[in-house]
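Structure first, then comments.
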Amino acid sequence: MAANNRRMSGKKGAQVGSGGQRRRGLEGKGPTPPAEMRKGHAKQRAAQAKARRVQGRTTQRRGGRSASELVVGRNPVVEALRGGVPASTLYVQQFIDNDERVREALQLAAERGGINLMEAPRPELDRMTNGLNHQGLVLQVPPYEYAHPEDLVAAAHDEGEDPLIVALDGVTDPRNLGAVVRSVSAFGGHGVLVPERRAAGMTAGAWKTSAGTAARTPVARATNLTRALEAYKKAGVLVVGLAADGEAELGDVEALDGPVVIVVGSEGKGLSRLVGETCDVRVRIPMPGGAESLNAGVAAGIVLYEAARRRS
């Protein structure tokens, strides 16, 4: 009996105070989740990529917001901050050489307020910029909130004024868009209308050229420019197109003192056929010097000045 007890005492039993860990370890963990839900699985990565593509297409269809933009490089970042370009985040490379431009960028971002300062390793900035020469500074510009074409007319009526709007047809240089926004603001206009496709948008370059006036002058985006102009006509707004072979000269158009939308085409091609046919009148700007065409921003400024002079 004693020998039996010795054999029993040599056996290892359950540890005192184990709390049932062994029992829980034997319990099943439930059914295996599908591959799309398993972290790191190739099918999960594919599903996430598909979701991002769908989300991107949905945002593009709404048309109210543009994509966010990155300004890359020390000089462009400093110039954007000086020009009042809206920004959400300033990314600074870790262990960056702290030269004068870096110090100015940090100071401008801090003085403005509302801009997040983020330190990031160089590989992360390389990934964000697709390998561009960012020089350790990257500025994120938030998506621009476009107005609806009808908002421009409504804003004029709210102020008790006749609408004065500029529409751009085929203008693809953001600097031209910024210059037009600046002229519209200077001469009391109520906004700028641009097509959603194949046209310049409110990028950092457009913001900078507008010299800050984009903050108070709305830019609307139309899915179809021709239909938007037809809607303006139904609302009682005269559509005036600028064309080198226009049937009327600028000084002879009396209706500029009333509700009007001025349509400016690209410098090379001018107005597209459908847009030109939609205009109530096509107007030419006399150019005694013999130039074939004018920059879109310059042409818009001339007509806006004439409209503002007649309204005063």
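Because the structure is predicted, anything quoted here is derived from the model rather than measured.
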Other residues, nucleotides, ligands: >12 heavy atoms within 6.0 Å of R227 CZ:
no

Non-hydrogen atoms of P142 and S88 that approach each other most closely:
CD-N, 3.9 Å

Atom CG of D158: over 12 foreign heavy atoms under 6.0 Å
yes

Beyond-backbone contact of Q107 with E104, side-chain heavy atoms, under 4.5 angstrom:
no

What distance separates R284 CZ from L250 CG, expressed to the nearest 0.5 Å?
10.5 Å

Taking it one step at a time, do N116 and Q140 satisfy side chain to side chain contact (heavy atoms under 4.5 Å, CB included)?
CA-CA 10 Å; N116 299 316; Q140 186 170 33; over 6 Å; no

Verify side chain to side chain contact (heavy atoms under 4.5 Å, CB included) between I115 and L81, making sure each step is shown before the conclusion.
CA-CA 10 Å; I115 299 178; L81 290 170; 4.0 Å; yes

Where the side chain of D169 meets the backbone of V263, is there a donor-acceptor pair that is under 3.5 Å apart?
no

Okay, side chain of E69, backbone of A204: is any donor-acceptor separation there less than 3.5 Å?
yes

With a 6.0 Å cut-off (strictly less than), is the heavy-atom count around CZ of R101, excluding the residue itself, greater than 12?
yes

Which atom of L193 lies closest to which atom of P149, heavy atoms considered
CD1-CG, 3.8 Å

Whether S210 side chain and W207 backbone form a donor-acceptor pair below 3.5 Å:
yes

Crowding at CD, E111 (>12 non-hydrogen neighbours, <6.0 Å)
yes

Using 4.0 Å as the upper bound for N to carboxylate O, is an ion pair formed by E124 and R127?
yes

Could you walk me through whether R122 and L125 satisfy the side chain to side chain contact (heavy atoms under 4.5 Å, CB included) test, starting with their C-alpha distance in whole Å, then the side-chain angles of each, then the deciding distance to 0.1 Å, before giving a yes or no?
CA-CA 5 Å; R122 183 185 181 104; L125 297 183; 5.6 Å; no

Could you grab the distance from atom CZ of R175 to atom CG of N295, nearest 0.5 Å is fine?
9.5 Å

Decide, yes or no, whether a salt bridge links R310 with E306 under the criterion of side-chain N to carboxylate O below 4.0 Å.
yes

What's the separation between atom CG in D280 and atom CG in L238, rounded to the nearest 0.5 Å?
4.5 Å

Looking only at heavy atoms, what is the nearest atom pair of A248 and V253, with distance?
CB-CG2, 4.2 Å

Between H134 and D126, the two heavy atoms sitting closest are NE2-OD1, 2.7 Å

Of all the heavy-atom pairs spanning T209 and A179, show the shortest one and how long it is.
CG2-N, 3.7 Å

Any sub-3.5 Å donor-acceptor pair from Y146's side-chain atoms to E196's backbone N or O?
no

Hey, could you give me the SG/CD distance between C279 and E247, rounded to the nearest 0.5 Å?
9.0 Å

Determine whether more than 12 heavy atoms belonging to other residues, nucleotides or ligands lie under 6.0 Å from atom CZ of R282.
yes

Between CZ of R221 and CZ of R197, what distance do you get to the nearest 0.5 Å?
9.5 Å

Is any side-chain heavy atom of P163 less than 4.5 Å from a side-chain heavy atom of V261?
no

Do NZ/NE/NH1/NH2 and the carboxylate oxygens of D99 and R74 come within less than 4.0 Å?
yes

Side-chain donor or acceptor of R311 paired with backbone N/O of G258 under 3.5 Å
yes

Indicate the atoms forming the closest heavy-atom contact of F187 with A308, along with that distance.
O-CB, 3.8 Å

Would you sort out whether D97 and V102 count as a side chain to side chain contact (heavy atoms under 4.5 Å, CB included), showing the intermediate values?
CA-CA 8 Å; D97 293 332; V102 173; over 6 Å; no

V92 side chain near L137 side chain, heavy-atom distance below 4.5 Å:
yes

Please examine the side chains of L294 and I285, heavy atoms only from C-beta on, and report whether any two atoms are closer than 4.5 Å.
yes

Inter-residue atom distance I262.CD1 - I302.CD1, 0.5 Å rounding:
11.5 Å

Taking everything shown except E277 itself, do over 12 heavy atoms lie less than 6.0 Å from its CD?
yes

